[in-house]
Visitor: 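Before anything else, here's the structure in question.
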Amino acid sequence: EAAQRAMDDAKARMETEKQNNKETIAQVDELRSWAACFDVANNETKHMIVARLIDRVEVSRDYRIHIQLKISVEQFLEQSA
């Protein structure tokens with residue numbers, strides 16, 4: 001019975017991970033389509049694309065800039081390979 005519960009829990013976690021993976025793939029595909037359009041886009045469209053990519057920008061003393069993206073580099077590289 002304990003083994004059955006552990007197996008059910010593992011299946012539930014696997015399904016959750018599959019859903020997360022599908023969402024990540026969709027985000028990467030969306031990112032690629034933006035990149036294709038970015039070079040030929042007008043300034044308003046470029047602004048919209050950048051707003052969808054960047055989560056936040058922090059500027060601290062001595063003008064140190066930290067940019068937090070909405071997708072990690074690892075996620076992007078994993079899907080690009």
Visitor: I'd like to know if the side chain of Gln4 pairs up with that of Asp8 as donor and acceptor (distance under 3.5 Å, no hydrogens or angles considered).
Guide: yes
Visitor: A quick test of your reading: do over 12 heavy atoms of other residues, nucleotides or ligands sit less than 6.0 Å from CG of Asn42?
Guide: yes
Visitor: So Phe38 and Val50, do their side chains get closer than 4.5 Å, heavy atoms only?
Guide: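 In short, these two side chains touch, coming nearer than 4.5 Å.
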Visitor: Within the distance-only criterion (no hydrogens, no angle test), does the side chain of Thr45 pair as donor or acceptor with the backbone N or O of Ala41 below 3.5 angstrom?
Guide: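 Such a contact is absent between Thr45 side chain and Ala41 backbone.
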Visitor: Kindly indicate whether the side chain of Asp55, heavy atoms from C-beta on, has any atom under 4.5 Å from the side chain of Leu69.
Guide: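 When only atoms from C-beta onward are counted, Leu69 and Asp55 do not touch, as no gap falls below 4.5 Å.
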Visitor: Hey, does Gln68 have a side-chain heavy atom less than 4.5 Å from the side chain of His66?
Guide: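 Yes, their side chains come closer than 4.5 Å.
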Visitor: Any Lys/Arg nitrogen of Arg56 or Glu58 sitting under 4.0 Å from an Asp/Glu carboxylate oxygen of the other?
Guide: yes
Visitor: Would you please name every residue forming a side-chain hydrogen bond (donor to acceptor under 3.5 Å, both in side chains) with Glu23, sequence neighbours left out?
Guide: Gln19
Visitor: Rounded to the nearest 0.5 Å, what separates atom CG in Asn20 from atom CD in Glu15?
Guide: 11.5 Å
Visitor: Starting at CG of Asp29, measure out to OG1 of Thr24 and round the result to the nearest 0.5 Å.
Guide: 11.0 Å
Visitor: Check side-chain contact (heavy atoms from CB on, under 4.5 Å) between Glu1 and all other residues, then give those that pass, not counting sequence neighbours.
Guide: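 Scan of Glu1 (side-chain contact (heavy atoms from CB on, under 4.5 Å), adjacent residues dropped) gives Arg5.
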Visitor: Evaluate side-chain contact (heavy atoms from CB on, under 4.5 Å) for Met48 paired with Arg52, printing each intermediate quantity in order.
Guide: CA-CA 6 Å; Met48 184 275 310; Arg52 293 288 306 259; 3.9 Å; yes
Visitor: Supply the atom-to-atom distance Met14 CE to Lys11 NZ, rounded to the nearest 0.5 angstrom.
Guide: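 Going from the CE atom of Met14 to the NZ atom of Lys11 covers 7.5 Å.
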